[in-house]
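Quantities reported herein were computed from a predicted structural model and do not represent experimental measurements.
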Amino acid sequence: MDHDQDREQQLARERLTRRYGTGKRVPLELLRSYAVLGEAVTVPGRERAAVTAQDVDDALALTGEARSLLDRIELYLIDEARAHGRSWAQIEAACEADQAHQRYEWLRERWPGYVPVQERPLLNSTGTDVERAHGDGAGERGGG
């Protein structure tokens, strides 16, 4: 990865963290730590001396949690894209993946209690339900 691309990704991480961070950052720190360790042990030419057996054990123990967290984030993002009127083809292009709809359904099955954006009550500043501006079919705009 070139320096400019690396810098752009760092800026993107900072922007998203600043905008959407909760202050706890525990899940994001888990993924960051997991990714840094993964890079240390997989990138040829990287210094591996600082990586301990305990580091590797810890990362292996967290693999399921990291994967689950990424899947959950993917579910939220796909759902939000649909709520913003994106078609399945647009979502597939954005995440460079085929069969986004089937993936979304699999993710929904993995978290049966998840309530899609379009099915959640929309609350005003007083916490009272209000009608959605786009109606129930907002997620269906754009084809799909």
Side-chain angles (χ1 to χ4, degrees), residues 1-127 129 132-134 136-144:
M1 176 180 306
D2 69 353
H3 179 71
D4 290 339
Q5 187 178 14
D6 187 34
R7 180 68 182 142
E8 284 302 313
Q9 287 184 343
Q10 178 63 30
L11 289 172
R13 276 196 238 45
E14 290 173 8
R15 285 189 300 264
L16 288 175
T17 301
R18 194 170 46 247
R19 185 164 164 85
Y20 297 105
T22 64
K24 296 177 185 173
R25 295 181 53 175
V26 174
L28 293 177
E29 290 306 310
L30 163 67
L31 289 179
R32 182 185 178 284
S33 300
Y34 192 80
V36 168
L37 178 58
E39 184 177 9
V41 299
T42 60
V43 176
R46 283 282 183 155
E47 180 58 47
R48 294 182 54 199
V51 176
T52 68
Q54 185 63 57
D55 292 338
V56 175
D57 291 347
D58 290 345
L60 288 171
L62 295 173
T63 297
E65 184 179 351
R67 185 176 292 119
S68 179
L69 178 59
L70 283 173
D71 284 348
R72 185 80 178 213
I73 291 168
E74 181 182 11
L75 172 62
Y76 292 151
L77 292 173
I78 291 172
D79 184 39
E80 197 64 37
R82 292 294 291 165
H84 280 83
R86 301 300 189 261
S87 70
W88 289 112
Q90 289 171 313
I91 294 169
E92 289 169 0
C95 62
E96 299 178 359
D98 292 329
Q99 304 174 343
H101 188 235
Q102 289 86 351
R103 173 91 175 141
Y104 177 75
E105 292 303 321
W106 178 83
L107 291 167
R108 288 284 312 273
E109 288 173 13
R110 188 164 181 198
W111 287 281
Y114 177 76
V115 178
V117 172
Q118 292 299 312
E119 295 175 16
R120 295 180 201 157
L122 188 62
L123 304 177
N124 63 21
S125 61
T126 64
D129 286 359
R132 290 197 174 273
H134 300 294
D136 290 339
E140 298 304 316
R141 290 184 318 219

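Residues Trp88 and Arg82 have side chains in contact (heavy-atom distance under 4.5 Å, counting atoms from C-beta outward). With a 4.5 Å cut-off on side-chain heavy atoms, Asp71 and Trp106 count as touching.
A pairwise comparison of heavy atoms in Arg86 and Ile91 identifies CB-CG1, 4.0 Å as the closest pair. Across all non-hydrogen atoms, the minimal contact from Gln118 to Ala83 is NE2-CB, 3.4 Å. What you find for Pro116 and Arg108 is that their closest heavy atoms are CG-NH1, 3.1 Å. Across His101 and Glu92, no two heavy atoms sit closer than the pair N-OE2, 4.4 Å.
A distance of 13.0 Å separates CG in Asp98 from CZ in Arg103, rounded to the nearest 0.5 Å. Between atom CG of residue Leu75 and atom OH of residue Tyr114 there is a gap of 4.5 Å, rounded to the nearest 0.5 Å. The distance from atom CD1 of Ile78 to atom SG of Cys95, rounded to the nearest 0.5 Å, is 6.0 Å. Put simply, CD1 on Ile73 and CG on Leu107 are 11.5 Å apart, with the number rounded to the nearest 0.5 Å.
When the shell of 6.0 Å around CZ of Arg110 is examined, it contains more than 12 heavy atoms from other residues, nucleotides or ligands.
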